[in-house]
Amino acid sequence: MSRYSAAEIEPKWQKAWDDAQVFRARRDGDKPKYYVLEMFPYPSGRIHIGHVRNYTMGDVIARYKLSTGHNVLHPMGFDAFGMPAENAAMANGGHPKDWTYSNIDTMVEQMKPLGFGLDWSRMFATCDPEYYGQQQALFLDFLEKGLVYRKNAVVNWDPVDMTVLANEQVEDGRGWRSGALVERKELTQWFFKISDFSEDLLSALDGLDNWPAKVKTMQANWIGKSRGLQFAWDLTAPAEGFEQIEVYTTRPDTLMGASFVGISPDHPLAKALEAKDPKVAAFCAEARKGGTTEEAIETAEKLGYDTGLTVTHPLDPDWKLPVWIANFILMDYGTGAIFGVPAHDERDHEFASKYDLPITPVFEPVEGEYPAKGAYVPPKPEKVRFTRKVAGEDIMTGNEAIDATVAYAEEKGIGQGVTKFRLRDWGLSRQRYWGCPIPVVHCDDCGVVPEKKENLPIQLPYDEGDKPIDFSVPGNPLDRHPTWRDCACPACGKPAKRETDTMDTFVDSSWYFARFTSPRAETPIEMAEAEYWMNVDQYIGGIEHAILHLLYSRFFARAMQICGHLPQKSSEPFDALFTQGMVTHAIYKTEKDGRPVFHYPEDVELRDGKGFLKDGTEVQIIPSAKMSKSKNNVVDPVAIIDQYGADTARWFVLSDSPPERDVEWTAAGAEAASKHLARVWRLAAELGDAPANATEDETLLRETHKAIRDVTLGVESFGFNASIAKLYGFTNAIQKSKAGSEAKREALKVLAQLMSPMTPHLAEEMWQILGGTGLIAQAAWPVADEAMLVEQNVTLPIQVNGKRRGEITVPKDMPKDEVEKLALASDGVIRTLDGAQPKKIIVVPGRVVNVVV
RNA sequence: GCCCAAGUGGCGGAAUGGUAGACGCAGGGGAUUCAAAAUCCCCCGCCGCAAGGCGUGUCGGUUCGAGUCCGACCUUGGGUACCA
């Protein structure tokens, strides 16, 4: 081979790793274990360059840990249930199962050439009956422990298609297929009691030292612990059997500013009124229009209906307030009823302004003006002057006022201080086919009956031949299946019906990390394996999973532990978390007849930062856009590997941006990466036989040890781009060095080792060329010699009033006063001072000298 | 709406409160070559002939010193419980 050829090198070394079973996870030996996991992919059909980046990061960690003497577990699987498979079946016919498994085959085939150090023997898909059957067993155990229950909850309802819609199937408040205005409808659904763990899920965040702070903050806000006052407003006259309306407030100190009591359209009182009064019914129907998302509800126009009922203020029997039904009050949070304080809440202010309700301030700023318009909502720790206080001092913080009011209310027997959480129970029912069936049976005599474990897995019907699963009509095929629904009651044996809801796909991904420790076990996990491999030492995935997936997994780990399916130590399953950014790509756009036309990158020629089509038309370049098929800006890793090889793709996705940030894929960047790898290869292949040179050899050795230190630090701190920058520097140093060939050989062997987690194939090839022993993948990571890292001199910038005016080079441990003298004597300082006397001189050893005038 | 981030040359980005722009791309100049490709070397924030001045989204603050800390705002991205 006379030049670097990825096509020749890469398959060769992949086979060598396979033959030596380098990445088969082993429990044997005295080595410490290390479990690195990237969030597993959805089998969309083809791998994406974002996958390449994500799995390359994990692979760097896996290979590095292997070379530092660990037993590494680095598995791969597929998050294979979900809506896209059903959508594909709707659009193109076929069966979700066939579509999914065919996609998995394609993606595995596309992933293998990337050379990831994965233990493929552990692979599974969540749609494998062996996996989801164990998930059904977990569900039954959770049910037995009281961690699952049924209650009503709202879904998006398409009144034309008569089907439940996912949030993403609601576009501008309308069903994506029918175009009908979506309504909120209640259904009986299954729930996991995640709210039982609210306090623990919140407080345990403190112990997650190796999680990004932003993720912990997001989770903490999501769980949303609040303290407040719960109390009841007495109706002036009983209505529909109600004498009181129970409310919860986090700002009881504003009670004297109340102007109305509001209840949710789903509040029992609202429902009772609705049943009797067509006008209330009409309003509630209107209020239920639109999707179920928090965003849709919060941003919808505030609508209210005056019920005509009134309540008495708890602190003033003569004060009557109206009761309104309002569309922005959620039945799921608190008691489903509030009292409105327009002066100190933006939403209440908007509502009161619209319906002409009184706006009564209860406090004002200690200094400055009361805002001219809108509500005055200072932060709770800020001191304010109360004009209509319930209890406490005239001037106090919001927090002090809340405490004083709660104490007062409790003393007077008006209400109780309570702690509440925003976190709601996890609704897991989905009215869809392609998911894990919920293993229960509905019996007319026995009610809801759990399946017997020996009947698991309850498999989805596949129905080849004359009765295929039909996706051409909306709704859940399981619900209208001619035979699958019918079964015998596990309790009494009489004819009964299966639950036709399947599980949320978040359930599938909430325990797969545990299953990887014993993927073929006939129980959910094998305890001995979990004891050894858990927890995940490093988890890597997208920030889009910061809340739901991670919170659900944390819940599952606790619930599994309660049921004896995970060891005690695994209540927090992910010791360290890293959230990586996306790979983006420019969009090339022109317009035709007022509509955008998107062009493929290969059809665009770039000159001086501008893009042109073949016919000379200039295209608009939109940089750093999320890749999207409809925008024609998707980079196909298969094409990149064909053109440059896996090592180039791996090197590039790590090189240009910090891993937590987005990286833009550019053809020029990929080209540059490829050229660099070829240069490194040539350095090894064309080593030559120059004689030793003591000084130069020593200098190169020092560079080598610095490179070991810097690159290792980068890898350990997820600074892969920093490691790569150092590797460029080290490569330049070797290339320019006048050292002898043997010194260069040693430097190049270290270079190969330091590159091996990122570009493993090239590293193996160099290792072989340079005469390394065995596989570089199994060689021990080099260790930097501290003695080689010590510098004698240091260059200090000299500042005058914080501005750089020169620099001096001094011995590392020169005393401060001598540094001062040298600094004052330097040209830049003399010129800038121009005879003025320095007031103060700041010497930061090894860093800077600042002369203050 | 609410929660969480990010914003630095033409571009991607570097920088424990201490020389802003490491490293790479693009660009310019040169070497090599019959010529080219490939490769190698040098230059490269902005304004200015220069001295020097200005520069890290905007405005203000803390500090001897701020890209970094604090406050407000703007823009972009992620999440918002049935996309995964």
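All values below were derived from every heavy atom in this structure, side-chain atoms included, with hydrogens, water molecules and symmetry-related copies excluded. Just so it is clear: chains get the letters A, B, ... in the order the sequence lines come, proteins before strands, and each one is counted from 1.
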Pairwise N/O distances under 3.5 Å, protein to nucleotides 66-73 of chain B:
none

Check: Are more than 12 heavy atoms from other residues, nucleotides or ligands located less than 6.0 Å from atom NZ of Lys151(A)?
Finding: yes
Applying side-chain contact (heavy atoms from CB on, under 4.5 Å) to Pro658(A) and not counting sequence neighbours gives Glu660(A), Arg661(A), Asn721(A)
Check nucleotides 38-40 of chain B against the protein and report each pair of N or O atoms closer than 3.5 Å, with its distance, or say if there are none.
from	atom 1	to	atom 2	distance (Å)
C40(B)	OP1	Gln735(A)	NE2	3.2

Sorted by position of nearest nucleotide on RNA chain B, 5' first, the leading residue of Glu807(A) and Val155(A) is Glu807(A)
Checking G65(B), U80(B), A84(B) against the side chain of Asn850(A) (C-beta onward), the nearest is G65(B)
Residues at least two apart in sequence or cross-chain that pass ring-ring contact (aromatic ring centres under 6.0 Å, His included) with Phe197(A), listed by chain then number, are Phe555(A)
Check: Would Glu294(A) and Arg422(A) satisfy salt bridge (Lys or Arg N to Asp or Glu O under 4.0 Å), going step by step from the backbone distance to the final call?
Finding: CA-CA 12 Å; Glu294(A) 190 186 59; Arg422(A) 201 185 80 103; 2.9 Å; yes
Q) With the threshold set at 4.0 Å, does a side-chain nitrogen-carboxylate oxygen contact exist between Arg288(A) and Asp266(A)? A) yes
### Query
At under 4.0 Å between heavy atoms, what does Ser509(A) touch on the DNA or RNA strands: base, sugar-phosphate, or nothing?
nothing
Query raised in the report: For atom P, what is the distance between C49(B) and A31(B), given to the nearest Å?
Result: 29 Å
Is any side-chain N of the basic residue among Asp425(A) and Lys193(A) closer than 4.0 Å to the acidic one's carboxylate O? no
Exercise. How would you label the contact of Pro41(A) with the nucleic acid (heavy atoms, under 4.0 Å): base, sugar-phosphate, or nothing?
Worked result: nothing
Between G18(B) and U63(B), how far is it from one C1' atom to the other, in whole Å? 12 Å
Thr795(A) has its side chain closest, among C25(B), U19(B), A84(B), to U19(B)
Residues at least two apart in sequence or cross-chain that pass salt bridge (charged side-chain N to carboxylate O under 4.0 Å, His left out) with Glu298(A), listed by chain then number, are Arg347(A)
Closest to the side chain of Arg804(A), out of C64(B), U19(B), C83(B), is U19(B)
Looking at every strand, decide which applies to Ala668(A) at a 4.0 Å heavy-atom threshold: base, sugar-phosphate, or nothing.
sugar-phosphate
Just checking, any donor-acceptor pair under 3.5 angstrom between side chains of Glu671(A) and Tyr644(A)?
yes
**Prompt:** Which part of the nucleic acid does His545(A) contact within heavy-atom distance under 4.0 Å: base, sugar-phosphate only, or nothing?
**Reply:** base
Exercise. Does NZ in Lys354(A) sit with more than 12 non-hydrogen atoms of other residues, nucleotides or ligands closer than 6.0 Å?
Worked result: yes
Practice problem: For nucleotides C11(B) and U16(B), find the distance between their C1' atoms and express it as a whole number of Å. | Solution: 28 Å
message: Rounding to an integer number of angstrom, what distance separates G60(B) and C25(B) when you compare their P atoms?
response: 39 Å
Just checking Ser655(A): base, sugar-phosphate only, or nothing, at a heavy-atom cut-off of under 4.0 Å?
-> nothing
- Does any N or O donor sit under 3.5 Å from an N or O acceptor when you compare the side chain of Arg805(A) with the base of U19(B)? no
Fill in: Span that lies between the P atom of A5(B) and that of G55(B), in whole angstrom
29 Å
- Message: Taking any heavy-atom pair under 4.0 Å as a contact, classify Val164(A): base, sugar-phosphate, or nothing.
- Response: base
Considering only heavy side-chain atoms of Ile842(A), the closest of C83(B), G18(B), A20(B) is G18(B)
Side-chain donor/acceptor pairs under 3.5 Å, residues 795-805 of chain A, sequence neighbours excluded:
from	atom 1	to	atom 2	distance (Å)
Thr795(A)	OG1	Thr809(A)	OG1	3.1
Asn801(A)	OD1	Val853(A)	N	3.0
Arg804(A)	NH2	Glu807(A)	OE1	3.0

- Item | Heavy-atom neighbours of Asp172(A) CG exceed 12 at 6.0 Å | no
Nucleotides 29-32 of chain B: which of its N/O atoms have a protein N/O under 3.5 Å away?
none

Margin query: Regarding Gly542(A), tell me which of base, sugar-phosphate or nothing describes its non-hydrogen contacts under 4.0 Å with the strands shown.
Written below: nothing
Of Asn721(A) and Leu187(A), the one whose nearest nucleotide on RNA chain B sits closer to the 5' end is Asn721(A)
Winner on side-chain proximity to Ala672(A), out of A84(B), G24(B), G13(B), is G24(B)
Q.
Within the 4.0 Å heavy-atom criterion, would you say Val852(A) contacts the bases, only the backbone, or no part of the nucleic acid?
A. sugar-phosphate
Nearest-angstrom distance, P atom, C44(B) to C23(B):
12 Å
task: Identify whether NZ of Lys or CZ of Arg in Lys706(A) sits under 6.0 Å from the centre of the six-membered ring of Phe730(A) and within 45° of that ring's axis.
output: no
Aromatic rings Phe328(A) and Phe351(A): how do their planes relate, parallel, tilted or perpendicular, breaks at 30° and 60°? perpendicular
Base, sugar-phosphate, or nothing for Phe506(A), non-hydrogen atoms under 4.0 angstrom?
base
| request: Identify whether any heavy atom of Ile798(A) sits under 4.0 Å from a base atom; if not, whether one sits that close to sugar-phosphate; answer base, sugar-phosphate or nothing. | output: nothing
Is Gly82(A) touching bases, backbone alone, or none of the nucleic acid, heavy atoms closer than 4.0 Å? sugar-phosphate
Under a 4.0 Å heavy-atom cutoff, the residues of residues 723-732 of chain A touching RNA chain B are Ala725(A), Tyr728(A), Asn732(A)
Q.
If I pick the C1' atom on G28(B) and the same atom on C34(B), what distance separates them, to the nearest angstrom?
A. 26 Å
* Asked: Would you say U80(B) has OP1 or OP2 under 4.0 Å from some side-chain N or O of Asn167(A)?
  -> no
Taking C64(B), G13(B), A84(B) as options, the one with an atom nearest any side-chain atom of Ser657(A) is G13(B)
With sequence neighbours left out, the residues meeting side-chain contact (heavy atoms from CB on, under 4.5 Å) with Asp161(A) are Asp158(A), Thr163(A), Arg177(A), Ser178(A), Pro474(A)
Under 3.5 Å, which N/O atoms of the protein pair with N/O atoms of nucleotides 2-6 of chain B?
from	atom 1	to	atom 2	distance (Å)
C3(B)	O3'	Asn221(A)	ND2	2.8
C3(B)	O2'	Asn221(A)	ND2	2.9

Would you tell me whether Asp647(A) and Thr759(A) have side-chain atoms, one donor and one acceptor, within less than 3.5 Å of each other? no
A correct dot-bracket answer for RNA chain B, with pairs being Watson-Crick or G-U at under 3.5 Å, [ ] for crossing pairs and | for inter-strand pairs, is (((((((..(((.....[....))).(((((.......))))).(((....)))..(((((..]....))))))))))))....
Parallel, tilted or perpendicular: rings of Phe506(A) and Tyr552(A) (30°, 60°): perpendicular
Discussion item. Students often get this wrong, so: under 4.0 angstrom with heavy atoms, is Gln189(A) touching a base, only sugar-phosphate, or nothing?
Written reply: base
Under 3.5 Å, sequence neighbours excluded: what are the donor-acceptor pairs made by side chains of residues 215-223 of chain A?
from	atom 1	to	atom 2	distance (Å)
Lys216(A)	NZ	Leu208(A)	O	2.7
Thr217(A)	OG1	Ala213(A)	O	2.8
Gln219(A)	OE1	Arg554(A)	NH1	2.8
Gln219(A)	NE2	Ala546(A)	O	2.9
Asn221(A)	ND2	Thr217(A)	O	3.4

message = I'd like the P distance from A22(B) over to G13(B), given in whole Å.
response = 15 Å
